[in-house]
Amino acid sequence: MRDPYSVLGVAKSASEGDIKKAFRQLAKKYHPDQNKDDPGAQQRFSEVNQAYEIIGDKDKRAQFDRGEIDAEGKQKFQSRGFDGFSGFEDFGAAGGSRGFRSSGGAAGGGGFDDILNDILGGFGGRGGARGSAGPGASGFAGAGGAKSRRPSPSKGANADLIAAVSLEDILNSGKAQVTLPSGKTVNVTLPKGVVEGEKIRLKGQGHPGEQGGDAGDALIEVRFKTHKLFDVKGSDLHLDLPITLYDAILGAKIRTPTLTGAVNLTIPENTSSGKTMRLKGKGLPTKNGGHGDLLVKIQIMLPPHGDDELDTLMKAWREITPYRVRGPEFD
């Protein structure tokens, strides 16, 4: 595992905010859903997650900076305190045990590395000097502190994920697809009446724990995909419906799209532009088990090009049938 600062492309002096920002950018860049044709993206995605688990956590980052854990979060052995071995001057029986005072002494039969190996190996396995060290030496391995305390389990970090869902998915399947930190893609059931920004928690599906600790949770934020026809307001949908001038004057039945299929909407005679018509139950699901409505706003569209006959008709109509469309407050 490479240095986590290098993996995320940040300096060791980077703030928590800078680290989080870098992680989000890289996680998005290498997310498996965005790189289905790149087999190496999964490895880079996992590497970015592992790096953030270390320096995205305040305590682990401090441990890594002090050299207590490696880039994978594993404990490192600290050899501080053995230099010179002056503290072990009198631990053995009379005789060669005093040779531990200096790494260059002859009593132990070797240099510092050999002595250190003896300590870590419990004074066993190499050379005759170990066999004559006496009872004091045999007790050293148990009391000398060469064994480090095993770190306690720690829970993994929560994973903040985004599920982009279409309006059709909300109404029909009621599910959203997300990719977890493990790389596994799952279908998540959306709650009834889900609204944009609502979060769904998946227990134990976040980043893995350390030293056998439980995994964190996955927090999935629901985002609605932009629809080409409908705007969402609560559980209601809004649609702008263009109609012709003659349909507005004479009335008509207009084919109108909904999430469950098109319907024929009756346009009354003399319908004004901006009039809103309501199709009940054609909106999104609500939390009480019902559905919102589809609100259709009429937009009268004039011909794309000028028309002499229409101009003549409108001039005559203006003379014969004048009418007011603005109240006195506009005067």
Side-chain angles (χ1 to χ4, degrees), residues 27-28 31-37 159-180 184-203 205 217-304:
K28 182 177 180 181
H31 197 284
D33 284 353
Q34 306 296 327
N35 299 272
K36 294 182 179 179
D37 298 328
D160 293 320
L161 306 175
I162 292 176
V165 297
S166 67
L167 302 184
E168 288 81 2
D169 287 340
I170 296 173
L171 187 65
N172 298 320
S173 70
K175 295 183 180 297
Q177 194 174 80
V178 294
T179 300
L180 303 173
K184 180 181 178 181
T185 299
V186 297
N187 289 319
V188 179
T189 300
L190 301 172
K192 287 184 178 180
V194 64
V195 295
E196 185 159 30
E198 188 169 345
K199 291 189 176 182
I200 303 169
R201 181 184 293 269
L202 297 183
K203 287 278 191 181
Q205 298 298 320
D217 300 337
L219 302 177
I220 303 170
E221 182 178 347
V222 178
R223 298 275 184 88
F224 292 175
K225 294 180 180 177
T226 301
H227 200 280
K228 61 182 179 181
L229 291 176
F230 305 114
D231 290 328
V232 180
K233 293 183 180 178
S235 59
D236 291 336
L237 299 177
H238 290 249
L239 170 70
D240 288 340
L241 181 65
I243 67 171
T244 63
L245 178 61
Y246 45 81
D247 284 339
I249 295 173
L250 303 176
K253 288 186 179 294
I254 304 296
R255 185 175 173 82
T256 304
T258 74
L259 287 179
T260 55
V263 299
N264 288 322
L265 179 64
T266 299
I267 307 297
E269 297 177 2
N270 298 320
T271 294
S272 298
S273 189
K275 177 182 176 66
T276 298
M277 306 181 72
R278 185 183 296 269
L279 292 176
K280 284 192 168 295
K282 293 297 183 180
L284 296 176
T286 61
K287 293 192 180 296
N288 61 10
H291 287 79
D293 300 333
L294 172 59
L295 301 172
V296 181
K297 187 177 182 181
I298 303 299
Q299 301 285 352
I300 298 174
M301 308 298 292
L302 295 177

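Nothing here was measured: the structure is a model prediction, and the numbers come from that model.
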Donor-acceptor under 3.5 Å ([X] side chain, [Y] main chain):
X	Y	result
Gln205	Ala218	no
Ser166	Asp169	yes
Asp293	Leu295	no

Report yes if some heavy atom in the side chain of [X] is under 4.5 Å from a heavy atom in the side chain of [Y]; otherwise report no.
X	Y	result
Ile243	Ile300	yes
Val232	Val195	no
Lys282	Leu237	no
Ile170	Pro285	yes
Met277	Ile267	yes

Given Leu202 and Leu180, is the side-chain contact (heavy atoms from CB on, under 4.5 Å) satisfied, shown in steps? CA-CA 10 Å; Leu202 297 183; Leu180 303 173; 4.3 Å; yes

Could you report the tightest heavy-atom contact between [X] and [Y], atom names first, then the distance?
X	Y	value
Gly292	Thr286	N-CG2, 3.8 Å
Gln299	Ser273	CA-OG, 3.6 Å
Lys297	Gly274	CG-O, 3.9 Å
Pro191	Glu198	CG-OE2, 3.4 Å
Leu284	Phe224	CD1-CE1, 4.4 Å

For Lys287, I'd like to know if atom NZ has over 12 heavy atoms of other residues, nucleotides or ligands within 6.0 Å.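 Counting other residues, nucleotides and ligands, NZ of Lys287 exceeds 12 neighbours.
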
Mind checking the [atom1]-[atom2] spacing from [X] to [Y]? Nearest 0.5 Å is all I need.
X	Y	atom1	atom2	value
Arg255	Asn264	CZ	CG	7.0 Å
Lys253	Asp247	NZ	CG	12.5 Å
Thr189	Ile200	OG1	CD1	8.5 Å
Thr260	Leu171	OG1	CG	6.5 Å
Lys184	Thr179	NZ	OG1	11.5 Å
Leu167	Asp231	CG	CG	9.5 Å

Which of these, Thr276, Leu265, Leu294, sits in a side-chain contact (heavy atoms from CB on, under 4.5 Å) with Leu239?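 Among the candidates, only Leu294 passes.
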
Mind jotting down which residue pairs meet the ring pair (Phe, Tyr, Trp, His ring centres under 6.0 Å) criterion with at least one end in residues 229-251? Sequence neighbours excluded, please.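 Output for this query lists His227-Phe230.
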
